[in-house]
Amino acid sequence: MPSRRNPQVTVLMPVYNAAGYVADAARSILAEPVDDLELLVVDDGSTDESVAELTSLQDERIRVVSQPNSGLVAALNTGLGEARGTYLARMDADDLSVPGRIAAQVRWLEDRPGAVACGTDYEMFGAVTGRVRLPRTDRGCRERLLLGSCHCGASVVLRRTVVETARLRFDPDFPHAEDYEFFTRLAAYGELGNVPMVGYRYRMHDDQVSSRHVDVQRSVHLRVAARYAARIGMPPLSDDVVRKIMWPETDGVARATLVTAGAAAQALRRRPGIQTARFTGRRVVEAALSAAKS
């Protein structure tokens, strides 16, 4: 039986009107082969049947904390304050966790006392499909942070003592890119990495937050990238270069390929490294494929 006071792992799942998805998300976590686990649900003022669907699972490992609707960042920070586990895992209410991923991440962290965060590769399903490979090493993660997040935010497991000692919280000044910004600060406290497995299934649909707030998300993303570069003493890439790599044009295959490849070449000249080459190369291919489909 899990310890109700200090479980080994707290899985933090913010929920707002996720009926129809949330029970499956919870089941995927509860199937995890970790004996001492709690699923901490922060209900951000849902007005649908989300909490009822969770209650119907009748699993004592689920703990629901409710608050008035205050937004995702506030819900995440409530969860950080409520978490009790040695390790803090993340989960989103409309996605699926692959059983075994948290156990693998905990083993990775236990083997590396100086590590602070471990993620996994992820698989998109729904409106868009495909696997996304994330950098394995600390060095690769730090290279990636210059362009974007080195983790799928909802697939990470964190060492909670570091989060608490450093008093780290998600920053409301960076909405819809709060995970990316959080990892740029967390990187100062220890090793980052990703285990080589598809540990998370990311549902793609038109109603998700990233779809509804894409313009704000991109603007905030650019601010985070520039701020992180300045923090580590590197001149930032221009917004134009980052924009062309992260959100390629789809106006014709030839143009999409040429524009994205040009931006990738500029990034590689400024940020030479295997991870930069791998990531920007993949973005060029994806730009061409996306343009071909449009």
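Throughout, numbering of the chain's residues begins at 1 and tracks the sequence.
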Test log, rule side chain to side chain contact (heavy atoms under 4.5 Å, CB included), inputs Arg61 and Leu39: CA-CA 6 Å; Arg61 292 172 293 175; Leu39 174 57; 5.6 Å; no
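- Across every non-hydrogen atom of Asp171 and Val73, the tightest pair is C-CG1, 4.1 Å.
- Rounding to the nearest 0.5 Å gives a distance of 9.0 Å between SG of Cys152 and CZ of Arg90.
- Asp59 contributes atom CG, which lies 11.0 Å from atom OG of Ser56 (distance to the nearest 0.5 angstrom).
- Going from atom NZ of Lys244 over to atom OG1 of Thr260 covers 9.0 Å, rounded to the nearest 0.5 Å.
- Clustering ILVMFWY residues whenever any of their side-chain heavy atoms sit less than 4.5 angstrom apart, transitively, puts Leu258 in a cluster other than the one holding Val285.
- For the side-chain contact (heavy atoms from CB on, under 4.5 Å) criterion with Val65, the lone passing option out of Val41, Asp43, Leu40 is Leu40.
- Between the side chain of Arg283 and the main chain of Met246, a donor-acceptor pair closer than 3.5 Å is present.
- To the nearest 0.5 Å, atoms CG (Leu76) and CG (Leu12) are separated by 6.0 Å.
- The environment of CZ in Arg167 is sparse: at most 12 heavy-atom neighbours from other residues, nucleotides or ligands sit within 6.0 Å.
- A salt bridge links Glu181 to Arg227: at least one charged side-chain nitrogen sits closer than 4.0 Å to a carboxylate oxygen.
- Within the 4.5 Å cutoff, side-chain heavy atoms of Phe125 are placed close to those of Leu96.
- Counting only residues at least two apart or on different chains, the side chain to side chain donor-acceptor pair (under 3.5 Å) pairs with a member in residues 155-164 are Glu164-Arg169.
- Taken to the nearest 0.5 Å, the CG atom of Asp95 stands 11.5 Å off from the CD atom of Glu123.
- Residues Val242 and Asp239 fail the side-chain proximity criterion, which asks for heavy atoms closer than 4.5 Å.
- Shortest non-hydrogen contact noted between Pro175 and Val220 is O-CG2, 3.6 Å.
- Under the 3.5 Å distance criterion, the side-chain polar atoms of Thr10 are matched with a main-chain donor or acceptor of Gly85.
- Counting heavy-atom neighbours within 6.0 Å of Gln266 CD, excluding the residue itself, gives a total above 12.
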Derivation and outcome, side chain to side chain contact (heavy atoms under 4.5 Å, CB included), residues Leu168 and Tyr189: CA-CA 11 Å; Leu168 294 173; Tyr189 297 93; 4.1 Å; yes
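- Counting only heavy atoms from C-beta outward, the side chains of Pro7 and Leu37 never approach each other to under 4.5 Å.
- A 4.5 Å side-chain heavy-atom check between Leu80 and Phe170 finds at least one atom pair inside the cut-off.
- Panel note: side chain Arg270, backbone Pro236; a donor-acceptor pair is recorded below 3.5 Å.
- Shortest non-hydrogen contact noted between Met13 and Leu54 is CE-CD2, 4.4 Å.
- Checking side-chain atoms of Arg112 against main-chain N and O of Trp108 turns up a donor-acceptor pair under 3.5 Å.
- Under the 4.5 Å side-chain heavy-atom criterion for Ile, Leu, Val, Met, Phe, Trp and Tyr, Val195 and Ile29 are members of the same hydrophobic cluster.
- Hydrophobic clustering, with ILVMFWY side chains joined whenever heavy atoms are under 4.5 angstrom apart, keeps Val259 apart from Leu237.
- Contact of the Leu158 side chain with the Phe182 side chain is registered, since non-hydrogen atoms from C-beta on lie closer than 4.5 Å.
- Glu32 places no side-chain N or O within donor-acceptor distance of the main-chain N or O of Leu30, the cut-off being under 3.5 Å.
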Hey, can you pull the donor-acceptor pairs under 3.5 Å for the side chains in residues 138-147, sequence neighbours left out?
{"residue": "Asp138", "atom": "OD1", "partner": "Arg142", "partner atom": "NE", "Å": "3.1"}
{"residue": "Asp138", "atom": "OD1", "partner": "Arg142", "partner atom": "NH2", "Å": "3.2"}
{"residue": "Asp138", "atom": "OD1", "partner": "Leu192", "partner atom": "N", "Å": "2.9"}
{"residue": "Asp138", "atom": "OD2", "partner": "Arg142", "partner atom": "NE", "Å": "2.8"}
{"residue": "Arg142", "atom": "NH1", "partner": "Ala187", "partner atom": "O", "Å": "3.0"}
{"residue": "Arg142", "atom": "NH2", "partner": "Ala187", "partner atom": "O", "Å": "2.9"}
{"residue": "Arg142", "atom": "NH2", "partner": "Gly190", "partner atom": "O", "Å": "2.8"}
{"residue": "Glu143", "atom": "OE1", "partner": "Gln275", "partner atom": "N", "Å": "3.3"}
{"residue": "Glu143", "atom": "OE1", "partner": "Thr276", "partner atom": "N", "Å": "3.0"}
{"residue": "Glu143", "atom": "OE1", "partner": "Thr276", "partner atom": "OG1", "Å": "3.1"}
{"residue": "Arg144", "atom": "NE", "partner": "Gln275", "partner atom": "OE1", "Å": "3.3"}
{"residue": "Arg144", "atom": "NH2", "partner": "Gln275", "partner atom": "OE1", "Å": "2.6"}

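- Formation of a donor-acceptor pair under 3.5 Å by the Ser219 side chain with backbone atoms of Val216 is not found in this model.
- Without hydrogens or angle criteria, Glu53 side chain to Gly20 main chain gives a donor-acceptor distance under 3.5 Å.
- A distance of 4.5 Å separates CG of Leu57 from CD1 of Ile62, quoted to the nearest 0.5 Å.
- In this structure, Val98 is not a member of the same hydrophobic cluster as Tyr202, with clusters built from ILVMFWY side-chain heavy atoms closer than 4.5 Å.
- The shortest side-chain heavy-atom distance between Asp44 and Gln67 falls under the 4.5 Å cut-off.
- Between Tyr16 and Gly45 the shortest heavy-atom distance is CE1-O, 3.6 Å.
- Neither Tyr122 nor Phe279 shares a network with the other; the hydrophobic side chains, linked directly or stepwise wherever heavy atoms of I, L, V, M, F, W or Y lie under 4.5 Å apart, form separate groups for each.
- Using modelled atom types, no side-chain atom of Asp92 and backbone atom of Ala154 make a donor-acceptor pair closer than 3.5 Å.
- Residue Ile274 places its CD1 atom among 12 or fewer non-hydrogen atoms of other residues, nucleotides or ligands, all under 6.0 Å distant.
- Between Ser50 and Ala19 the shortest heavy-atom distance is OG-N, 3.1 Å.
- Applying the ring pair (Phe, Tyr, Trp, His ring centres under 6.0 Å) rule to pairs touching residues 230-277 yields His221-Trp247, sequence neighbours excluded.
- Tested against Asp121 for a salt bridge (Lys or Arg N to Asp or Glu O under 4.0 Å), the candidates Arg136, Arg133, Arg201 yield a single pass: Arg136.
- You'll find the side chain of Glu82 stays beyond 4.5 Å of the side chain of Val42, heavy atoms only.
- Looking only at distances, no side-chain donor or acceptor of Asp94 sits under 3.5 Å from a matching main-chain atom of Ala18.
- At a threshold of 4.0 Å, the pair Asp111-Arg107 does not count as salt-bridged, since none of the basic side-chain nitrogens sits closer than that to a carboxylate oxygen.
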Derivation of the side chain to side chain donor-acceptor pair (under 3.5 Å) call for Asn6 and Thr86: CA-CA 7 Å; Asn6 293 305; Thr86 302; over 6 Å; no
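- When side chains are defined from C-beta on, Arg218 does not count as touching Arg243, because their heavy atoms never get closer than 4.5 Å.
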Stepwise side chain to side chain contact (heavy atoms under 4.5 Å, CB included) check, Val284 with Thr257: CA-CA 6 Å; Val284 173; Thr257 305; 4.0 Å; yes
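- Residues Tyr200 and Ser97 share a closest heavy-atom pair of CD1-CA, 4.4 Å.
- Of the possible polar contacts, one joining the Ser149 side chain to the His151 backbone as a donor-acceptor pair under 3.5 Å is found.
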